[in-house]
Number of protein chains: 2
Amino acid sequence: MIKSKDGLPYSKEAAILEAAEREFLSKGFAGARTVSIAKAAGVNHAMLHYYFRTKEHLFERILDEKMRIMGESVLTAFGQPGLPLTERIRDGIERHFDFIAANPDLPRFIVNEVFSCPERYGAMQRRVALIAHRLIYDLQQELDTAAKGGDVVEALDVRMLILDIISLNIFPFVAYPIIESVFGYSPDDRERFFMQRKQENVETILRRIKKL
Amino acid sequence: MIKSKDGLPYSKEAAILEAAEREFLSKGFAGARTVSIAKAAGVNHAMLHYYFRTKEHLFERILDEKMRIMGESVLTAFGQPGLPLTERIRDGIERHFDFIAANPDLPRFIVNEVFSCPERYGAMQRRVALIAHRLIYDLQQELDTAAKGGDVVEALDVRMLILDIISLNIFPFVAYPIIESVFGYSPDDRERFFMQRKQENVETILRRIKKL
DNA sequence: CTTTTATTTAACAATTATGTTAACACAAAC
DNA sequence: GTTTGTGTTAACATAATTGTTAAATAAAAG
């Protein structure tokens, strides 16, 4: 049942999922209201319980999806072999930055919900750890080889490097409402700020790995 | 009325404030329950309304205080003149890092509450912006002078530099529950991780400003 | 066409949270 | 000792929120 009777391209179930995503992303689990979700989706609030039984069910559906996407974003950003190391890293930073720019609310949402209920994260955790370990292993090998060749500084821990990158990429989006006043309020200011930010992050990381 | 009848060093009002801080910091405004706060403070839940009228009042009391502290932490960290520029920055990074290490929940709390209710931030915003502008102006001058002398790279925007620093310092604490699996679960692992992290951030920033 | 299944709605039930009030206790001030 | 102000409690009121159900409607299957 993908189409409803009036021919719209998605069912009410999908409409609820979309509305729930917006509500949960902006207000978190505790702040979200099932009636608001129902209203935004244009359905009676009983529908929500009909399709998903409970608020928790609906929420987990959203959270799981978002954690998966967020994890993948890191893997796909840096999992592009075939480029020279420096280019691979530059490319990874930019891909990851673009992903966050397109999904600026995701990190705050995930961080919060995992923090406020770590057991929700349990299942996902092992899966992510496994995939992450492979990426880390690959990149570490490449870094070590490049270090032997004198192209980059020695003794880099790739886990720390990736954490540098995601910190620099994510935090400005998370903190933007607070730091806005320092960089200007107009939409133009905002765009300029994030363009500049992307370059800043690339520069910072390339300097970090450079052999001096 | 600072002492209660049983001679404890703080009144029930203060006990409520402490309990409220823990509750709000860990669950946010929406997730916090006034009865939980009252129970944790060891008072009847009517007391809470007697002293603070509403949950919102109590919350604002906490949020204002926390925003003030958070803002000050940046200013005091970097507002130490008299040191050579590089040392001043290293010192600032370490001070700021130590502050976050001592208050790891603060950034997530503030970012969330400001995001979910920006109007709460309005009053504070202008005040912070003003103080920030002076710090920024001072540091920018010093950076420009150092650049002319050939000690650091030219054309650094100090706002971006400070944002680099607070991103690197704050994000690892915020994301720790998620990335824990990559760095190990034991308390020892945790401590080792954050010690390493502090050095990583100093290294990254000093390389960022270095004249190559 | 009839039966069955899926979808939708309105009304209601139960629980939980916040906020109020009136009575009570206790100490200090007069 | 009475009054006054502060602190404290239990019980209640109100509103919001989640979840249920039974009946109505539409769609699909036979």
Exercise. Take nucleotides 16-21 of chain D nucleotide by nucleotide from the 5' end and write B, S or -, depending on whether a protein heavy atom sits under 4.0 Å from the base, only from the sugar-phosphate, or from neither.
Key: -SBBBB
Nearest-angstrom distance from the residue atom [atom1] of [X] to [atom2] of [N]:
X: A:Ile16; N: C:dT8; atom1: CD1; atom2: C1'; answer: 11 Å
X: B:Met47; N: C:dT18; atom1: CE; atom2: P; answer: 17 Å
X: A:Lys12; N: D:dA27; atom1: NZ; atom2: P; answer: 11 Å
X: B:Ile37; N: C:dA17; atom1: CD1; atom2: P; answer: 12 Å

Practice problem: Identify whether the distance between the nearest side-chain nitrogen and carboxylate oxygen of A:Asp64 and A:Arg120 falls below 4.0 Å. | Solution: no
Quiz item: If you measure from the Lys or Arg side-chain nitrogens to the Asp or Glu carboxylate oxygens, is any gap between A:Glu200 and B:Arg208 under 4.0 Å?
Solution: yes
Practice problem: Kindly calculate the angle separating the two end axes of the helix from C:dC1-D:dG30 to C:dC30-D:dG1, each obtained from five base pairs, and round it to 10 degrees. | Solution: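 The value is 0°.
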Quiz prompt | For A:Gln80, all residues meeting side chain to side chain donor-acceptor pair (under 3.5 Å), sequence neighbours excluded | solution = none
Exercise. Quick one: which residue pairs count as a side-chain hydrogen bond (donor to acceptor under 3.5 Å, both in side chains) with a foot in residues 37-54 of chain A, not counting sequence neighbours?
Key: A:Thr54-A:His57
Practice problem: Just grab all the side-chain hydrogen bond (donor to acceptor under 3.5 Å, both in side chains) pairs involving residues 185-196 of chain B, residues at least two apart or on different chains. | Solution: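 The answer is B:Ser186-B:Asp189, B:Asp189-B:Arg192.
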Quiz item: Is any side-chain heavy atom of B:Glu13 less than 4.5 Å from a side-chain heavy atom of B:Phe52?
Solution: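 Touching, per the 4.5 Å side-chain cut-off.
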Quiz item: Ignoring hydrogens and geometry, is there a side-chain-to-backbone donor-acceptor pair from B:Glu23 to B:Arg33 under 3.5 Å?
Solution: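 Yes, B:Glu23 side chain to B:Arg33 backbone: donor-acceptor pair under 3.5 Å.
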Quiz prompt | With sequence neighbours excluded, residues passing ring pair (Phe, Tyr, Trp, His ring centres under 6.0 Å) with A:Phe193 | solution = A:Tyr176, A:Phe183
Quiz prompt | Phosphate OP1/OP2 of C:dA6: any A:Tyr51 side-chain N/O under 4.0 Å | solution =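 No, A:Tyr51 has no side-chain N/O under 4.0 Å of OP1/OP2 on C:dA6.
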